[in-house]
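Notes follow once the structure below has been shown.
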There are 2 protein chains.
Amino acid sequence: MPTPTSPPPAPARRGRPGHDREAVLAAAVELFTRQGYAATSVGDLARALGVTKSAVYHHVGSKGELLALALDRALAGLETAVDEATAAPGSAYARLRAVVRRSVEVLVAEQAAVTLLLRVHGNSDVERDALARRRTIDERLAGLVRAAVEEGSLRADLDPQLVSRLLFGTVNSLVEWYRPGGPVGAEQLAEVVAAVCFDGLAARPRDL
Amino acid sequence: MPTPTSPPPAPARRGRPGHDREAVLAAAVELFTRQGYAATSVGDLARALGVTKSAVYHHVGSKGELLALALDRALAGLETAVDEATAAPGSAYARLRAVVRRSVEVLVAEQAAVTLLLRVHGNSDVERDALARRRTIDERLAGLVRAAVEEGSLRADLDPQLVSRLLFGTVNSLVEWYRPGGPVGAEQLAEVVAAVCFDGLAARPRDL
DNA sequence: CCTACCGATCGGTAGG
DNA sequence: CCTACCGATCGGTAGG
């Protein structure tokens, strides 16, 4: 038992050391991505943290609030990536390639949160708000692709919208298999993805 | 108790015309993909069909059985695509390109079921069995990529496993946005995806 | 009055 | 194919 008799005059920490809001969020994001949001109960989350459900509710108002926090983290990261890359000087092609690289880096840094974002169905206001923000990002990306096509640096035989979807579909698919700490680092991955997307997989003379 | 008093002599059709097992499965797959499997209750499904929950259980033994049927449909389609494309004559490159095209076609034909498959978490035996079958498919695809790299038709500076993941990550990402009946047909989409994956997005002299 | 919890239980709803 | 239910578990909250 912690201090049942001795009253320390300093009003320092009482109760157990315990977790903070950030630790609860981290555990929630991990479980939500591994099992799915709907399939994860607050009880599951509490068990993973080694506390009771009530302890979880001490730190967070609702299960949906945890989802909202996670989705905001993913969206903020992606929005910043798009902001920075679109504001950069240079050709539309260079900006697009930069946004691909930066997106991969965000996706690696906030992988679990981005995974959640990509799986949102719109089953609640929180999810619908996230989908709306995501659509805005997608539209900005499509605009960048359009500019690169008009500039003449992307193949002109394909619809820019289609190109945008294939491009960021490839980027987003990374969450399905990439695990940090493996043989491929984040920056290296970003460069490989950009190279494959823009230059293709087929062997070319310059490979030899 | 059923029929406590009135025993109708004619055993003809009783009850409403109603749905069959296939209609229940179709509605389930649609709802599971739209809302997520865990977030879809059997009551939701019943409401969508305009019947009661018990009516649903007349056609199907459990919610998990509906998931198993859907996942089997997706897996069988993809397995057939890989079977046929890998058995075809020609270079490894040609077989790989064929399997990409055939995969896109299966994905379009069984889009909802494939979407479900791609979102499986392994939360039940049904889901774990599906993941195991999917892994086998992925390994065969990776083997085909490896053969194409060794043959010299794919860029040799990248790990075949990485190439395989990017390639089929791109293919699989189609479920997120492709809707049949739109401006792009299935075969056309298959050809575009193969072209973009192998030749890249960047403009090249032959485009001009 | 605070932070950090616990044991028990709330009203509703899940799959069956 | 329905009405009428079950065991259990859901997200969330009470007092201490």
Side-chain angles (χ1 to χ4, degrees), chain A residues 1-4 7-29 31-32 35-70 121 123-127, chain B residues 1-8 10-25 27-28 31-32 35-70 123-127:
Chain A
M1 290 294 180
T3 60
R13 46 144 188 79
R14 280 191 295 176
R16 301 241 212 110
H19 303 279
D20 60 2
R21 188 180 165 88
E22 196 62 33
V24 174
L25 176 58
V29 170
L31 277 180
F32 291 167
Q35 308 180 350
Y37 173 74
T40 302
S41 70
V42 177
D44 290 339
L45 176 55
R47 199 179 324 117
L49 288 163
V51 299
T52 63
K53 273 201 302 178
S54 301
V56 171
Y57 280 106
H58 171 75
H59 293 291
V60 65
S62 69
K63 185 186 172 188
E65 184 182 322
L66 285 167
L67 182 63
L69 288 169
H121 285 290
N123 290 340
S124 65
D125 283 339
V126 163
E127 297 195 358
Chain B
M1 289 297 175
T3 61
T5 47
S6 64
R13 48 145 187 76
R14 283 188 294 178
R16 303 240 212 107
H19 305 278
D20 60 1
R21 188 180 165 89
E22 196 61 33
V24 173
L25 176 59
L31 277 179
F32 291 167
Q35 307 180 349
Y37 173 74
T40 302
S41 70
V42 178
D44 290 339
L45 176 55
R47 198 181 322 116
L49 289 163
V51 299
T52 62
K53 275 200 299 177
S54 302
V56 171
Y57 281 105
H58 171 74
H59 293 291
V60 65
S62 68
K63 186 186 172 188
E65 183 183 322
L66 285 167
L67 182 62
L69 287 170
N123 290 340
S124 65
D125 284 338
V126 163
E127 297 195 358

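Chain letters run A, B, ... following the sequence lines, proteins first, then strands; residues in each count from 1.
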Could you state the atom-to-atom distance from [atom1] of [X] to [atom2] of [N] in whole Å?
X	N	atom1	atom2	result
Glu65(B)	dG15(C)	CD	P	15 Å
Leu31(A)	dG11(D)	CG	P	12 Å
Lys63(B)	dT13(C)	NZ	C1'	12 Å
Tyr37(A)	dG11(D)	OH	P	8 Å
His58(A)	dA4(C)	NE2	C1'	5 Å
Asp44(A)	dT9(D)	CG	P	11 Å
His59(A)	dG11(D)	NE2	P	18 Å
Leu45(A)	dC5(C)	CG	P	13 Å

Classify the nucleic acid contact of Ser54(B) as base, sugar-phosphate or nothing, counting any heavy atom under 4.0 Å across all strands shown.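 Since a base atom lies under 4.0 Å of Ser54(B), the category is base.
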Could you check if a side-chain atom of [X] sits within less than 4.5 angstrom of a side-chain atom of [Y], using non-hydrogen atoms only?
X	Y	value
Leu25(A)	Val60(A)	no
Asp20(A)	Val24(A)	no
Tyr37(B)	Asn123(B)	no
Arg21(B)	Glu65(B)	yes
Val42(A)	Leu66(A)	no

When the [atom1] atoms of [N] and [M] are considered, how many whole Å apart are they?
N	M	atom1	answer
dA8(D)	dG12(C)	C1'	13 Å
dC10(C)	dC10(D)	C1'	12 Å
dG11(D)	dT9(C)	C1'	13 Å
dG16(C)	dA4(D)	P	22 Å

Hey, does the side chain of Tyr57(A) come within less than 4.0 Å of dG12(D)'s phosphate (OP1/OP2), counting only N and O?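 It does, given that an N or O in the side chain of Tyr57(A) lies less than 4.0 Å from OP1 or OP2 of dG12(D).
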Of all the nucleotides listed (dG12(D), dG15(C), dC2(D)), which has the minimum atom distance to the side chain of Ala55(B)?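 Output: dC2(D).
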